[in-house]
Amino acid sequence: MVKIKIENMSFAYRKVPVLKNLDIKIRAGQLTAIIGPNGSGKSTLLKCINGILPVKKGEILVDEKSTVSFTRRHLATIMAYVPQQETQVFSGTVYETILMGRKPYIGWSQKPEDYEIINQVMNDLDLNSISSEFLNELSGGQRQRVLIGRALAQQPEILLLDEPTANLDLKHQLEVMQILKDLSHKGITVILAIHDLNMAAKYCNELIMLDKGKTFATGDRSILDENNIKSLYEVEVKILGYGNDNIIIPLKAIK
Ligand code: ADP
Ligand code: MG
């Protein structure tokens with residue numbers, strides 16, 4: 001089932017075109033990676049889907065309904081967005097941060113069911129032991145778990161994340177990817193921008209390759225082949241099979 005349909009969508013910052021005539025279908029309950037070189041438009045695409053940036057040309061449909069007619073609050077009950085970490089300024093405790101995720105539903109007066117949802121999220125993401133710690137004093141891996149928790153407190157059908165594994169050590173990268181994979185298995189449509197092609201190949205079942213604001217290729221992990229990677233990133237790579245995984249080894253930059 002298609003959850004999000006992007007139809008002939010373009011986006012420009014002032015006069016500079018950044019996304020160009022995109023036609024993309026994103027299936028429900030999958031873990032979809034948006035990949036592409038720096039500046040190819042990954043973050044912009046996530047912000048357009050989420051409604052942070054207004055789309056003026058083309059359309060984004062969720063469950064066949066155009067999102068332009070949705071209020072911001074309604075949109076926030078359908079999709080949640082985890083921005084790149086360095087843009088975080090909120091400095092409350094872990095619990096307060098998760099509580100903020102309920103805002104689209106409650107304004108600022110909570111009902112018992114809001115606390116139930118928050119407790120569920122705290123349990124699911126193993127946050128109880130750090131409940132009263134301050135967000136800006138946590139390690140990167142803990143903080144990312146909290147930010148995912150805040151998004152989940154919105155009970156979204158769609159979860160968007162901008163480079164959720166950037167700046168994390170290997171163990172915490174795996175931990176975050178596994179959390180996202182599990183969420184997709186529960187039926188949440190998870191879409192993330194990611195640089196690490198090996199992580200994308202290992203965890204994501206759908207990939208969207210962006211090249212200068214256009215779709216270069218879409219499909220399953222088989223589109224991560226030596227030729228596509230060479231054209232898109234201007235690097236030579238060797239791909240080796242290892243069990244069920246493909247390992248992408250960068251060899252050298254072209255030029
Ligand atoms: P990516 O996330 O793939 O690195 P971005 O979506 O951040 O790419 O950026 C795509 C292009 O849009 C880049 O050329 C970037 O310089 C430009 N851009 C990004 N944000 C802004 C902005 N707020 N104002 C103007 N141009 C921007
Ligand atoms: Mg980006």
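Start at 1 and go down the list; that is how both ligands and their atoms are numbered.
- Of all atoms in ligand 1, listed by their number and element, those nearer than 4.0 Å to a heavy atom of Asn38 are 4 (O).
- Nearest to atom 13 (C) of ligand 1 by heavy atom, out of Ala193, Ser40, Gly39, is Gly39.
- Of the protein's non-hydrogen atoms, the one nearest atom 9 (O) of ligand 1 is Thr44 OG1, 3.9 Å.
- Inter-residue side-chain proximity for Leu232 and Leu210 is flagged as unmet; no heavy-atom pair is nearer than 4.5 Å.
- The residue from Val16, Leu46, Leu45, Val18 that puts a heavy atom closest to atom 11 (C) of ligand 1 is Val18.
- The shortest contact between atom 26 (N) of ligand 1 and any protein heavy atom is with Tyr13 CD1, 3.4 Å.
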Begin with the C-alpha distance, continue with both residues' side-chain angles, and end with the deciding distance and a verdict on side-chain contact (heavy atoms from CB on, under 4.5 Å) for Leu183 and Leu152. CA-CA 10 Å; Leu183 291 171; Leu152 291 180; 3.8 Å; yes

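- Numbered from 1 in the order shown, with element, the atoms of ligand 1 that lie under 4.0 Å from a heavy atom of Pro37 read 3 (O).
- Looking only at atom types and distance, the side chain of Asp182 has no donor-acceptor partner in the side chain of His185 under 3.5 Å away.
- Looking at Ile49 and Leu45, their side chains come closer than 4.5 Å, going by heavy atoms from C-beta outward.
- By the criterion of side-chain heavy atoms lying less than 4.5 angstrom apart, applied directly or through intervening Ile, Leu, Val, Met, Phe, Trp or Tyr residues, Ile148 is grouped together with Ile98 in one hydrophobic cluster.
- Checking atom 15 (C) of ligand 1 against the protein gives no heavy-atom contact under 4.0 Å.
- Pro164 is not listed as a side-chain neighbour of Val82, based on a closest heavy-atom distance of 4.5 Å or more.
- Closer than 4.0 Å to atom 3 (O) of ligand 1 lies at least one heavy atom of the protein.
- Residue Asn38 does not count as close to the Mg ion (ligand 2), with no N, O or S atom under 2.8 Å.
- Inclusion of Arg14 in the set of residues having an N or O under 3.5 Å from an N or O of ligand 1 is not warranted.
- Looking from atom 8 (O) of ligand 1 to the surrounding protein, the closest heavy atom is Gly41 N, 3.2 Å.
- Side chains of Gln30 and Ser184: a donor-acceptor N/O pair is absent below 3.5 angstrom, by distance only.
- Ranking protein heavy atoms by distance to atom 7 (O) of ligand 1, first place goes to Ser43 CB, 3.8 Å.
- Asp162 and Ser43 are linked by a side-chain donor-acceptor pair at a separation below 3.5 angstrom, with hydrogens and angles left out of the test.
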